[in-house]
Each structure stands twice: as C-alpha cells, then as structure tokens.
Amino acid sequence: MIDIDSFSFTYPGMDTPALHDISLRIESGEAVLVRGASGSGKSTFLYCLNGLIPHVFAGVSLGSVRLNGFAPPEVPLREIARTVGTVFQNPESQIFMMRVEDDVAFGCENLLLPREEVICRRDEALRSMDLWDLRRRETFKLSGGQKQRLAISSVYAMGPQIFLFDEPTTDLDGKGRQEFTKIIRNLKDKGKTIVLVEHQYEDYLPLMDRIITLENGRIVNNSTAMSSPMTAKKTTAAPAGTAISLKEICFGYDREKNILDNIDVTIQRGEVVALKGNNGSGKTTLLKIFGGLLRPFQGEITILGVPRPTLESLVSHVGFLFQNPDEQLFAQTVAEEVAFGPSRIGKKAEVERYLDIAGLKAHSRLHPQTLSRGQRQILAVVSIMAMEPEILILDEPTTGLDRRSWHELFSLLYDYANGRGTVIFSTHNEHAASAAGRRITLDNGRIISDEVSG
Amino acid sequence: MKYLDKETFLHRLDPRSKIILGFMGAILIVVLRAPIALSLLFLTVLAAFGYLRPARRTVWTMIILMATALCFTMISQGFFYALEPRTTILTILTPDSGMLGSITGGIALYQEGIIYGALQSLRLFSAMLLSGVIVMSTYPSDLLLGMGGLGVPERIGFVVTVSIRFLPTLMDEAGRILLAQKLRGLDVKGVRGGFRAFRYLLPPLIIDSLRNARRIALAAEVRAFTGKRTKVRELRFSLRDWAVLGFSAVGMIILILYQGGLS
C-alpha cells in the first residue's frame, strides 16, 4: 500500500516545487498509470516512492510518503529495495552482468541473501519471465525487448511487492510492448502493486485500474478520458516525380539469411512515408538502403534519378537521422550545430531560420547537450534539414518524445514535405504511423502492406 | 583475442589455478636462461594454445606478430650485442675506419647477439601465448572473481566487470557517431580527416557515457547495490586443480634446477 499525504518536493536551487501538494492512496494489488508531459513531475513522483529522494537526490520535502507502513526517508535504500522494485526506460543501462543468469541474480546478491536462496529465486524469475532458455546468453546479444524483460526479471527476483516502471517500453517495438503487457498481467495476477509511467500508454489501458494525470507537479484528478489522438495535417502536395525506386531488392549481412527479400517500392517526391514493423522486420535496413548507406547485393536501386549512387554523392541530397539524437550532436553551441552540416557541403546555412522553425532561437548559444530530450531530437532533425536534402530519412524519430514534442516534430516534417521534400520515417508506434500519408508495413524482410490515406 | 565459449579441460580449471599458473609461467620466463629450457616452456604454452583451437584469424595474427618481433629482436640484438666473447659474422664498419668507425666502435653482426635475440623472443612469445591461453579459457567475470579470491578488493573487481560489460555498447555507439559525422558531410579521409572525426567523436561519446553512467548508478541504487554481495558463482578448487598445479610446480622446479645441465 502506498499512502501519500500532502506531499511536496523542491529540488535544490529551484523556485517552484517539482511535486506540489500530492495526496494519494494506492491499494495493494492496484495498477495505476501516471501520465503527463515531460517535466510534469512523473519521474520525481517515482523517486519519492523508491527512496532515490532523499537518499540520492536531495531537496526540500513537505508532507509524508508511507509504503507498507514505513517511510522511505527513514529506511536505507537496501531495505526499501525489498519492498519496491524500479525499472527504468533504458534497458541497456540496467544490465550489469555479461550473462543473463548472472544479471538476474545481481539484485538478490546485493540483498545478501544466502547463496541457495539467491539461486532458487534466480531460477524462479528466469522461468516465470520466460528467460530460462536464454539464461546462458551474453546480455549484449539480447534484443531490446529481451533486455527490458531481463531488467524486470532482475527486479522481480528481489521479491518486491510494489513495482515502479519509469517509461519502460519507450525504447521497445510493438513486439516488446506486447511482451510487456504479458508481464504486467503476470505481475497483477501475483497481486503486485504496479505504478506505470509511460507516454504511449494506450496498449496498457485495459490493464490499469486507475489513471493519474500530473501537470506541473500537481495531480489533475480523475481524467480517465483519453487525450485527443494525433491530428495530422496530411500532405496535399501532388506527386512531383520519383524520389527513390527499388526493384527486386535483396539484402543480407551474410549470404545465408536475407534481411530484405525482394522489395519493390517507389517513393514519390513530396510524400511522407511511415515504415512500420517489429524489430528485426528489416525497417532500419530498408531505411539504410533508401539512404544509400547499404548496397543491396541484388536488384536495382535509383535514388533521385541516379542508379546505384555512392554514399559520397548522396551526402548533400539525402539527410539521415539515426535513433539516438545524442550521437548526432557534435558542435559546441546549438547555432553551430545547425551550421555544421551545411558548411561541410558548401551550402550557406540559414541558421536563424531553422532555429526559428525549431523554436530554439532562445537557446542558440547553449551547448546542444544541455537541451531537454525533446529539444535535442528536434535540433538533430533541423540540423539535417538545414543541409536542405531532397530526401529526409528518420529512424524512429518519436522515441522518448512526449506528445507536445511529437506534434512539433510532425508539423516540422509536414512543412518540409510541402516544400517538395520527401520524408521517410520508421516507427513502431501506430499513432505516429497514422500521421503519415502513406504507410508501408514490413514483416520478415517483405512488404506486407502499403496503404495510402486519401 | 577473447574468451572462447567452450568446455575444455582448461576451461574447467578454477580461475585461481590459471592465475597461479600465469605467475609460475612469468617466473620461469624471467629465470630460465638455457635455450632448451626456454624452448620447452614455449612448446608447453604453445601446446596449450593449440589445444584451445583458437579462430584462424587469431592464429594468423599471432604468427605475423611473432615473426615480425623475431626478426626485429634478432637483428637488433645481433648488431648491439656487447658482451664478450662474441663472434663476428658480418662486419659493416671496422673500429679503425675513419670517424664513423671510431665513434661507433665499429658495427658488426654478432652470432651470440642473434642467439640472444632469439631467446628474448622466446620469452616474449611465451608470455603472449600464456596470457592468450588464460584469456581464451576463462570467462571474464570469473577471472575477476579469481583475482578477488586471491585478494583483489571486491569493489575494484566490480567496477572492472561492469566496464567490460559496457565495452561492446561503447564500440557500437562510437561506430554510429562516426557514421553520423560522415552523413553530415564531415571529410574523414586520411590522417587529418581522422583527427577531425576524433575531435567531433569525443564530446558526444563522453557526454552520452556520463549520462549513461548516471542511469547505471541509479539502476544500481534501486537494486540495493552497496558493494557487499552474496556470490552465486562460487570458486571450487577440485582435484584437477591440485593435480595440474602440483605437476606444474614439479616441472618448474626441475626446469630451474637442471637448466644448467640442459645447455
């Protein structure tokens, strides 16, 4: 049971509290969804429950938080961890060991349980989380969904009653999200209390008992109504010639297994295309072929009228954005970042204009890495747009963005497409895909559907 | 050279035995002088290396490395060998041949020098192969566990384990950053291009690593990490270990004591 009574928390050096007068009671076995925009206090809320506040993050708090009869500030983290388990967004940074079974044992080992008990709990967790067959696998070879399952198993083995999830499926594809739904159901059946923070929560709504909405650190009560779905401005630009055409394309990293199998597709200038499919369906590989980063070993490819172009010849015509924006921001200031690409390919950089489009004018002298996650993503996108490529390719651009940043991103992309640019992006999110004028779905390296909305 | 996921006799040895064997090897490498004794040591280690059946690429790398090292040490030692007696094979400059001769004291290739160079190479190769055998046959975290068992502080062991765990992640990330640079038009060709790429590689790599480190630290905190832990992986010293260590110790003593008789 979680019992919060008029609780407020302020980070050091901040004028406004991150959490403001929160009163809330969550019963044992209840599943609660917490939603809200970035910066609304969702993570801070979880930190107060798992003891990271005040044990790791100091600050001023008022009111009280009690979990199963104890107050987190009065108990060391090691003890809190017996009652509260936390799973974070990025599975990569929650795995400590090289082998799956060692990692599942990690938490129990820290609890200083006897060796036999650790082994017993580890094996139970491996079985009930469906990781038994992977137990000897090296952790870095797992897929994203498997990694997150491993992180949850490691927490599960510690035997907590309360599970906190901080955007656990943001980095996962449809399959990973399905897996997560199963895990939630499993935990609910075992009578665990679940607090889930997630931006893209639609899949989990049927499993939730209650929805709490946070806004600027306050609970905005009982808003069980769904927020409005994406309102996309669909492109109206008439097709203006072929941007990319692929004929009977096959590709594989080794000759035995084809990642892409006989792909035939033509993309017109001015189109906005969403590429859907699970991890391993070949989305990213196909994007790389579109961008000329990979060369198919069979079939014909024509990009902007040039058959089989080289990567060097495409740099100023095709912009490519990888998943993690942080790996694509090199410069010292936001303005320099926007100017980086254009100046390398001998174009005049319209820095002011693009900063304006991105809404980052006020931040132009800041270091790119000091921006928020959503802003960094937008900056990475405009830094590539500033090179004025004819084709813009983005791999999972909506990952980790809240709804507001999402709308900003899409209005950017549509403005760009209306100016006769072609946009192709991959996504495993239905809502993001529905914003595109054309949706291509991949499964096992084949196109299984290609729909154009009117 | 990295860990080979196999089930050989060497894999089944306790990591502590392998570390001790490593030390014994190191002592022999330093102490042994007789060519035959050193060759015996080298052949033993080579046999162990071959027994693990490493990948063809590893073997070729080793052969190329060893051949290059052998040539260099033999030639350099051959010219600069200073101990008497020495037998001259080839004279390039005599001591009385003008300025250069009197400054250098003459330049010549000496037979003893070449032999000495070959022996030095044998030492180097034995050390290389021995560390290779240990790395290939011991699961990395077990190696650390073994060091822990022999008195290395646990916290340091843990830090090293986690760092090794994150190496592949870091390499992937660096690869993606380099590609992103190329796509933004950065010229990365040649030495200067390489420097340029490096300059723009470090900031995102470091900042992202720091962000990651923070996330890892939080994840460790909520998993009750304090440094003290139960150990599920237990080290077990079996009869096999005692036998191998005993046998090696006897071999080592015999080699050291009787190496004079072998030369």
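Every chain is numbered from 1 and lettered A, B, ... according to where its sequence line falls, protein lines coming before strand lines.
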Which pair of heavy atoms, one from Thr230(B) and one from Pro114(A), lies closest together, and at what distance?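 Here Thr230(B) and Pro114(A) meet closest at CG2-C, 4.1 Å.
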query: Shortest non-hydrogen contact from Phe330(A) to Pro204(B)?
result: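 The answer is CD2-CG, 4.0 Å.
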field: Ile207(B) portion near chain A, given a 4.5 angstrom heavy-atom threshold
entry: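 Looking at Ile207(B), just its side chain touches chain A.
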Check your understanding: Which atoms of Asn212(B) come close to chain A, meaning under 4.5 Å heavy atom to heavy atom: side chain ones, backbone ones, both, or neither?
Key ->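 It is both, since atoms from each part get that close.
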Quick check on side-chain contact (heavy atoms from CB on, under 4.5 Å): which of Val318(A), Ile393(A), Leu311(A) does Leu183(B) satisfy it with?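 Only match with Leu183(B) under side-chain contact (heavy atoms from CB on, under 4.5 Å): Leu311(A).
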*Can you name the one residue among Asp102(A), Thr139(A), Asp103(A) that meets side-chain contact (heavy atoms from CB on, under 4.5 Å) with Arg165(B)?*
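Testing each of Asp102(A), Thr139(A), Asp103(A) against Arg165(B), the sole residue satisfying side-chain contact (heavy atoms from CB on, under 4.5 Å) is Thr139(A).
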Taking atom [atom1] of [X] and atom [atom2] of [Y], what is their separation to the nearest 0.5 Å?
X: Leu113(A); Y: Arg229(B); atom1: CG; atom2: CZ; answer: 11.5 Å
X: Leu186(B); Y: Phe340(A); atom1: CG; atom2: CZ; answer: 4.5 Å
X: Arg184(B); Y: Ser343(A); atom1: CZ; atom2: OG; answer: 9.0 Å

Exercise. Count the heavy-atom pairs under 4.5 Å between each of Arg215(B), Arg211(B), Lys228(B) and chain A, then report the option with the highest count.
Key: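 Counting heavy-atom pairs under 4.5 Å, the top option is Arg211(B).
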>> Heavy atom to heavy atom, less than 4.5 Å: which residues from residues 217-225 of chain B reach chain A?
In response: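 Under the 4.5 Å heavy-atom cut-off, Leu218(B), Ala219(B), Ala220(B), Glu221(B), Val222(B), Arg223(B), Ala224(B), Phe225(B) qualify.
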Side chain, backbone, both or neither of [X] within contact of chain B (heavy atoms, under 4.5 Å):
X: Ile345(A); result: side chain
X: Phe106(A); result: both
X: Glu138(A); result: side chain
X: Glu312(A); result: side chain
X: His367(A); result: side chain

Give the member of [options] that has the highest number of heavy-atom pairs under 4.5 Å with chain B.
options: Met387(A), Arg99(A), Glu101(A); answer: Arg99(A)
options: Leu77(A), Leu52(A), Leu329(A), Leu112(A); answer: Leu112(A)
options: Ile95(A), Leu293(A), Ile384(A); answer: Ile95(A)

In residues 151-158 of chain A, which residues are in contact with chain B at a heavy-atom separation under 4.5 Å?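 When heavy atoms of chain B are the reference, residues 151-158 of chain A contributes Ala151(A), Ser154(A), Val155(A), Met158(A) within the under-4.5 Å range.
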May I ask you to list the residues in residues 321-328 of chain A that approach chain B closer than 4.5 angstrom, counting heavy atoms only, ordered by number?
->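 Residues in range: Phe322(A), Asn324(A), Asp326(A), Glu327(A), Gln328(A).
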field: Pairing residues for Tyr139(B) by the side-chain hydrogen bond (donor to acceptor under 3.5 Å, both in side chains) criterion, not counting sequence neighbours
entry: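 side-chain hydrogen bond (donor to acceptor under 3.5 Å, both in side chains) list for Tyr139(B), sorted by chain: empty.
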Heavy-atom count check: over 12 atoms from other residues, nucleotides or ligands less than 6.0 Å from Arg214(B) CZ?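 No - once you tally the heavy atoms of other residues, nucleotides and ligands closer than 6.0 Å, there are 12 at most.
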